[in-house]
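These notes concern the structure reproduced below.
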Amino acid sequence: MATFQTLPGFRDFYPEDLAKRTHIFRLWRQTAAAFGFAEYDTPVLEPLDLYRAKSGDEIEGQLFGFTDKGGREVALRPEMTPSVCRLVGARANALKRPIKWFSIAEFYRYERMQKGRGRCFYQLNADVFGEPGPEAEIELIALLVQCMRAFGLTDKDFCVRLSDRMLWFQFLGSLGLDEPRIRSLLAAVDKHERSGDDAFKGYEESFGKIDDELKRRVLGFLGIRSFGALEQALGEPGVSAAVSGRLADWRKLLDGLGAMGLGDYIQVDLGVVRGLAYYTGFVFEAFDRKGELRALAGGGRYDDLVGRLGGPELPAVGFAVGDMTFALLLEERGLSPVVSQAPDVYCILGGEAERKAAFADINRLRAAGFRVDYPMRDLGFGKQFKAAADSGAKIALIYGGDELAKGIVKMRDLVDRTERDFPASGVEAAVRGFFEGG
RNA sequence: GCGGUCAUAGCUCAGUUGGUUAGAGCACAAGAUUGUGAAUCUUGGGGUCGCGGGUUCGAGUCCCGUUGGCCGCCCCA
């Protein structure tokens with residue numbers, strides 16, 4: 001039996017699994033649409049260079065890549081951002097701005113499996129192009145929060161940690177550091193939550209032992225957990241006035257999110273910088289409040305990327321939510337959907353003649369949109385009633401010899417177990433009446 | 001790429017110091033049941049015990065290897 005298995009890290013979706021996935025996607029879609037985002041899609045297979053251009057050569061080891069029959073180096077998409085940048089870049093001058101787009105797609109990464117991570121997974125990606133101000137971040141963070149609230153998750157379950165790569169850059173720049181040092185320190189900040197002070201090893205290997213005063217300033221900055229503390233830190237001596245100008249954007253962003261009633265979901269946290277070097281401004285990550293799972297979602301501003309991938313200069317912000325960790329959180333909080341695949345109507349058939357009589361009704365009811373099922377083989381009535389009850393149908397239509405002779409169909413309410421007769425010609429109306437009448 | 005741990009029916013698991021033909025519950029199916037549902041009873045299908053090799057008269061059990069799952073490290077777009 002188990003001769004062929006799925007490849008490591010890949011998943012089969014049995015109907016009950018797919019039902020859950022579909023439910024998640026449906027709510028995400030509805031929510032994105034409610035925010036005015038338009039859905040797009042792109043090829044699963046892309047030129048390998050698309051990812052090299054964005055992420056460098058090291059990325060190749062993490063990709064499902066191969067050479068196709070035409071000698072082209074290709075890869076299964078590991079993320080959506082480069083693809084959507086291509087789409088937007090190619091028509092940047094024709095698209096009305098702001099460009100608000102989303103997709104729900106499957107991605108592939110050649111990585112070791114872990115809790116909440118496999119080699120294939122789905123993501124909701126949402127991006128706003130063409131809006132340089134924090135208004136775009138407001139829109140996206142609000143969408144992100146709503147994509148989780150739509151399932152019943154609250155600010156007790158998750159929060160969005162908000163930080164700012166631009167501010168980090170300006171802050172470290174004002175301390176007199178050059179760009180290579182800044183990038184190395186940001187990598188250390190990213191690691192610090194997991195590794196503690198070991199996070200500075202990489203920096204010290206490249207640039208020598210870190211100055212105690214610098215380390216103190218960096219640790220102080222990454223420990224900032226509120227806007228008040230941020231304002232205070234930027235008021236300290238040695239921080240240039242230009243840096244504090246950035247505070248106006250912060251104020252606008254936090255005020256906007258507060259006005260949307262989302263303040264309780266937002267956690268200022270300068271310890272978040274995200275590993276990705278291409279982020280140029282605000283960055284944010286969604287986490288479960290208990291801190292038991294890996295990140296639920298991540299995003300940020302990447303104003304240079306469309307241009308770097310060959311398009312025009314175009315400011316952009318985006319985020320992605322993966323399905324695996326999200327499904328784990330829903331499961332943990334008992335919010336995983338129980339999706340009914342039950343029919344509305346189950347037909348009980350006496351025999352050959354009754355089956356034929358029922359078929360006309362069955363087909364008519366199905367055409368009208370009712371979910372109708374019936375036994376494929378002739379079974380005793382006892383078995384059929386059991387099957388009807390097991391199916392989860394609300395009503396059974398009984399086509400027996402007696403009914404056929406009298407020109408009627410019996411409708412049994414499978415919940416309260418009452419029965420009523422209807423003329424055979426009035427079945428559709430009777431069923432409609434049952435479901436529409438409540 | 002590295003480490004820990006596990007692998008017996010669709011699922012959850014039992015299987016004694018190595019000993020005859022590998023079991024149970026649930027699930028599935030047939031019947032008791034030719035007109036009324038969650039019960040009961042009977043019966044059945046399902047396993048190369050993850051795979052390969054070794055030790056042994058004999059391996060689900062012991063040893064080695066390998067594949068895969070889970071958990072963690074590196075990484076995390």
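Note that the structure is predicted; figures quoted are calculated from it, not measured. Hydrogens, waters and symmetry mates play no part in the numbers below; they use all other heavy atoms, side chains included. A, B, ... follow the sequence lines: proteins, then strands. Residue 1 opens every chain.
Remark: the separation of the C1' atoms in rG47(B) and rA7(B) is 14 Å, to the nearest Å. Using atom C1' as the reference point in both rA14(B) and rU56(B), the two lie 26 Å apart (nearest Å). Using C1' as the reference atom, rA24(B) and rG68(B) are 27 Å apart when rounded to the nearest Å. Nucleotides rC63(B) and rG18(B) are separated by 13 Å at their C1' atoms, to the nearest Å. When the C1' atom is used for both rU34(B) and rA38(B), the distance is 23 Å, rounded to whole Å. With both ends at atom P, the span from rC75(B) to rU16(B) equals 45 Å, rounded to whole Å. Spacing between rA9(B) and rG45(B) at atom C1', rounded to whole Å, works out to 11 Å. With C1' as the reference atom, rU20(B) and rG58(B) are 11 Å apart, rounded to whole Å.
Pair check for rU42(B) finds rA30(B); Watson-Crick or G-U wobble, both atom distances under 3.5 Å. Pairing for rG72(B) goes to rC2(B), judged as Watson-Crick or G-U wobble with the two contacts each under 3.5 Å. With a 3.5 Å ceiling on both atom-pair distances, the Watson-Crick or G-U wobble partner of rG23(B) is rC13(B). Base pairing analysis places rG58(B) opposite nothing; no Watson-Crick or G-U wobble pair with both distances below 3.5 Å involves it. The partner of rG52(B) is rC64(B), by the rule that a Watson-Crick or G-U pair needs both atom distances under 3.5 Å.
The existence of a salt bridge linking Arg183(A) and Glu179(A) is confirmed by a sub-4.0 Å separation between a basic side-chain nitrogen and an acidic carboxylate oxygen. Under the 4.0 Å criterion applied to side-chain N and carboxylate O atoms, Lys252(A) and Glu135(A) are assigned as salt-bridge partners. In this structure, Arg301(A) pairs ionically with Asp303(A), as a charged nitrogen and a carboxylate oxygen lie closer than 4.0 Å. With salt bridges taken as basic N to acidic carboxylate O contacts below 4.0 Å, none links Asp17(A) and Arg21(A). With respect to the salt-bridge test (charged N to carboxylate O, under 4.0 angstrom), the residues Asp68(A) and Arg72(A) qualify. A salt bridge is absent between Arg97(A) and Glu131(A): the closest approach of a Lys/Arg side-chain nitrogen to an acidic carboxylate oxygen does not fall below 4.0 angstrom. Under 4.0 Å is where a charged nitrogen must lie from a carboxylate oxygen, and between Asp402(A) and Lys410(A) no such pair does.
If you measure from atom CG of Asp17(A) to atom P of rC11(B), you get 13 Å, rounded to the nearest angstrom. Per the geometry, CD1 belonging to Ile348(A) stands 15 Å off C1' belonging to rU33(B), to the nearest Å. Look at CG on Leu349(A): it is 16 Å from P on rU34(B), rounded to the nearest Å. When rounded to the nearest whole Å, the span between CZ of Arg109(A) and P of rC74(B) equals 17 Å. Straight-line distance from the OH atom of Tyr346(A) to the P atom of rG35(B): 16 Å, rounded to whole Å. Taking atom CG on Leu397(A) and atom P on rG35(B), their separation rounds to 19 Å, with Å as the unit. Between Lys115(A) atom NZ and rC70(B) atom C1' there is a gap of 10 Å when expressed in whole angstrom units. Between the P atom of rG4(B) and the CD atom of Gln114(A) lies a distance of 16 Å, rounded to the nearest Å.
No close placement of the Phe107(A) and Tyr51(A) rings is indicated, their centers lying 6.0 Å or farther apart. Ring-centre distance between Trp28(A) and Tyr122(A): not below the 6.0 Å cut-off. When ring centroids are compared, Phe326(A) and Phe151(A) come within the 6.0 Å threshold.
Geometrically, Arg161(A) engages Phe287(A) in a cation-pi contact, judged by NZ or CZ lying under 6.0 Å from the ring centre and within 45° of the ring axis.
Residue-level contact check: Arg77(A) touches neither bases nor backbone, having no heavy atom under 4.0 Å from any strand. Residue contacts for Gly401(A): at a heavy-atom cut-off of 4.0 Å it reaches a base atom on one of the strands shown. Among the protein residues, Tyr51(A) comes within range of no part of the nucleic acid, since none of its heavy atoms lies under 4.0 Å from any strand.
Side chains of Asp127(A) and Tyr302(A): a donor-acceptor N/O pair is present below 3.5 angstrom, by distance only.
Nucleotides of RNA chain B nearest to Tyr399(A) and Glu79(A) differ in position, and the one nearer the 5' end is that of Tyr399(A).
Of all non-hydrogen atoms in Ala286(A) and Leu144(A), the two that sit nearest each other are CB-CD2, 4.3 Å.
Side-chain N/O atoms of Arg117(A) and base N/O atoms of rC75(B) include a donor-acceptor pair closer than 3.5 Å.
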So which protein N/O to nucleotides 5-9 of chain B N/O distances come out below 3.5 Å?
none

Enumerate the protein-to-nucleotides 36-43 of chain B contacts in which both atoms are nitrogen or oxygen and the separation is below 3.5 Å.
residue : atom : partner   : partner atom : Å
rU36(B) : O2   : Arg412(A) : NE           : 3.3
rU36(B) : O2   : Arg412(A) : NH1          : 3.0
rU36(B) : O2   : Glu419(A) : OE2          : 3.2
rU36(B) : N3   : Glu419(A) : OE2          : 2.5
rU36(B) : O4   : Glu419(A) : OE1          : 3.3
rG37(B) : N7   : Arg412(A) : NE           : 3.3
rG37(B) : N7   : Arg412(A) : NH2          : 2.7
rG37(B) : O6   : Arg412(A) : NE           : 2.6
rG37(B) : O6   : Arg412(A) : NH2          : 2.9
rG37(B) : N1   : Leu414(A) : O            : 2.7
rG37(B) : N2   : Leu414(A) : O            : 3.0

What protein N or O atoms touch nucleotides 67-69 of chain B N or O atoms at under 3.5 angstrom, if any, and at what distances?
residue : atom : partner : partner atom : Å
rG69(B) : OP1  : Gly9(A) : N            : 3.2

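Taking 4.5 Å as the limit, some side-chain heavy atom of Val345(A) sits within range of a side-chain heavy atom of Val431(A).
Side-chain nitrogen and oxygen atoms of Lys191(A) include at least one within less than 4.0 Å of the OP1 or OP2 phosphate oxygen of rC75(B).
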